[in-house]
Amino acid sequence: MCGRFALYTDPLALAKRFQTDNVPDIKASYNVAPSQTISIVRQENSKRHFAFARWGLIPSWAKEINTGYSTINARAETVAEKPTFRSAFKHRRALVICDGYFEWQEQANNKVKQPWFITLKDKQPMALAGLWEQWRGSDGSEIESCSIIVTSGNELMQNIHDRMPVILPNQHWESWLATDNTDTNGLQTLLTQYPSEQMTAWPVSTVVNSPRHNTEECIKPVSS
DNA sequence: CCAGACGTTGTT
DNA sequence: GTCTGG
DNA sequence: CCAGACGTTGTT
DNA sequence: GTCTGG
């Protein structure tokens with residue numbers, strides 16, 4: 001799955017890579033956790049914008065912000081059907097932007113899990129397949145929230161974890177973001193494993209375990 | 001009909 | 001053990 | 001995802 | 001909001 005990531009590329013470079021008409025006002029973060037505000041890219045009238053959303057999708061019909069169940073990820077296999085996600089899947093897709101994500105590898109003999117950091121070999125920031133939703137509280141407050149779609153792990157990931165986020169290659173950004181695209185069958189074919197040979201992974205310190213630690217040490221390689 | 005769930009992961 | 005907070 | 005709290009009373 | 005379970 002995908003429960004933690006990092007985003008530290010310069011905002012101007014992000015705007016250039018994702019061809020947005022605004023530059024996100026963000027600082028480098030090496031340890032982004034669920035419930036925090038994350039950077040997403042959406043499209044309106046064929047123009048791309050950076051926006052922000054709370055990580056953990058709140059369905060429009062939810063009574064409380066804390067839904068009591070985990071919506072930080074949506075399974076690619078079922079996202080089109082699940083009541084919590086299907087409306088967003090059809091109408092409110094986004095790119096969740098990160099430089100790399102973390103997965104925790106189970107260890108034999110009940111030893112402490114080993115965290116890994118996974119990036120693209122070309123060091124470019126990546127676009128994860130995301131969904132967003134708007135929620136209105138009874139007091140009139142509004143919150144935009146989002147979820148990251150996950151699928152089975154590719155060859156690189158297999159030894160680390162059996163699930164991984166869906167990473168969209170450049171050539172699929174347009175059809176994923178197009179608001180007039182409601183072909184859910186076609187959209188689902190975009191939710192595939194990114195090729196292992198274009199990715200790389202290294203073990204990192206358990207410093208990353210605590211969301212309170214937000215330094216470069218979180219992504220620094222250690223011997224496993 | 002109304003009430004209650006609506007999720008992913010990992011472990012058993 | 002289970003829920004909340006980050 | 002992992003870390004940290006998980007309770008009541010009374011006092012500051 | 002919409003589906004499932006009773």
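Throughout, a chain's letter reflects where its sequence line sits, starting with A, and its residues are numbered from 1.
Between C:dG6, B:dT8, E:dG1, one nucleotide has an atom nearer to the side chain of A:V150 than all others, and that is B:dT8. Side-chain proximity of A:R75 to D:dC1, B:dT11, B:dT8: nearest is B:dT8. For A:T84, whose side chain is taken as the heavy atoms from C-beta onward, the closest listed nucleotide among B:dG10, B:dC6, D:dC1 is B:dC6. Of the candidates B:dC6, B:dT9, B:dG7, B:dG7 carries the atom nearest the A:F85 side chain, counting heavy atoms from C-beta on. Comparing atom distances between the A:N66 side chain and each of C:dG5, D:dC2, E:dT2 picks out C:dG5 as nearest. Proximity note for A:S70 (side chain, C-beta onward) versus B:dG7, B:dT9, B:dC6: the nearest is B:dG7.
The NE2-P distance, from A:H161 to B:dT8, rounds to 13 Å in whole Å. Rounding to whole angstrom units, CD1 of residue A:I65 and P of C:dT4 are separated by 13 Å. Distance, A:E77 CD to B:dG7 P: 14 Å, rounded to whole Å. If you take CD of A:E133 and P of B:dG7, they are 13 Å apart, rounded to a whole angstrom. Note: CZ (A:F102) to P (C:dG6) measures 19 Å, nearest angstrom. Atom C1' of nucleotide B:dT8 and atom NZ of A:K82 are separated by 9 Å, given to the nearest angstrom. Remark: C1' of D:dA5 and CZ of A:R212 are 13 Å apart, rounded to the nearest angstrom. Residue A:I148 contributes atom CD1, which lies 14 Å from atom P of B:dT8 at whole-angstrom precision.
The minimum heavy-atom distance between A:T206 and A:P115, with the atom names listed, is CG2-CD, 3.8 Å.
For A:N31 (side chain) and A:H213 (main-chain N/O), a donor-acceptor pair under 3.5 Å exists by modelled atom type. Within the 3.5 Å criterion, the main-chain N or O of A:G153 finds a donor-acceptor partner in the side chain of A:Q158.
Annotation: side chain of A:Q193 is not in contact with side chain of A:M157 (no heavy-atom distance under 4.5 Å).
Contact annotation: A:N209 side-chain N/O to D:dA3 OP1/OP2 distance is under 4.0 Å. Side-chain N/O atoms of A:T78 include one lying less than 4.0 angstrom from OP1 or OP2 on B:dT8. For A:R163, no side-chain nitrogen or oxygen approaches OP1 or OP2 of D:dC1 to under 4.0 Å. Remark: A:T71 is not in phosphate contact with B:dG7, judged by side-chain N or O atoms under 4.0 Å from OP1 or OP2.
A:A62 comes within 4.0 angstrom of nothing in the nucleic acid, heavy atoms only. In this structure, A:R86 reaches the sugar-phosphate backbone alone: every heavy-atom distance under 4.0 Å involves primed, P, OP1 or OP2 atoms, never a base.
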Query - Dot-bracket line, read 5' to 3' along DNA chain E, where crossing pairs take [ ] and | marks a partner on another strand, Watson-Crick or G-U under 3.5 Å - result: ||||||
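Atom C1' of D:dC6 sits at a distance of 27 Å from the matching atom of B:dG4, rounded to the whole Å. C:dT4 and B:dA5 are spaced 15 Å apart, taking the P atom of each and rounding to whole Å.
Transitive grouping of hydrophobic side chains (ILVMFWY, heavy atoms separated by less than 4.5 Å) brings A:I118 and A:Y194 into a common cluster.
Ring stacking holds between A:W61 and E:dG1, with the centres under 5.5 Å apart and the planes within 30 degrees of each other.
No hydrogens or angles were tested; on distance alone, nothing pairs the side chain of A:S35 with the base of C:dG5 as donor and acceptor under 3.5 Å.
Aromatic ring centres of A:Y30 and A:Y8: separated by under 6.0 Å. Taking the six-membered ring for Trp and the full ring otherwise, the centers of A:F117 and A:W202 sit less than 6.0 Å from each other.
Using a 30° and 60° split on the angle between ring planes, A:F18 and A:W173 fall in the tilted class, from 30° to 60°.
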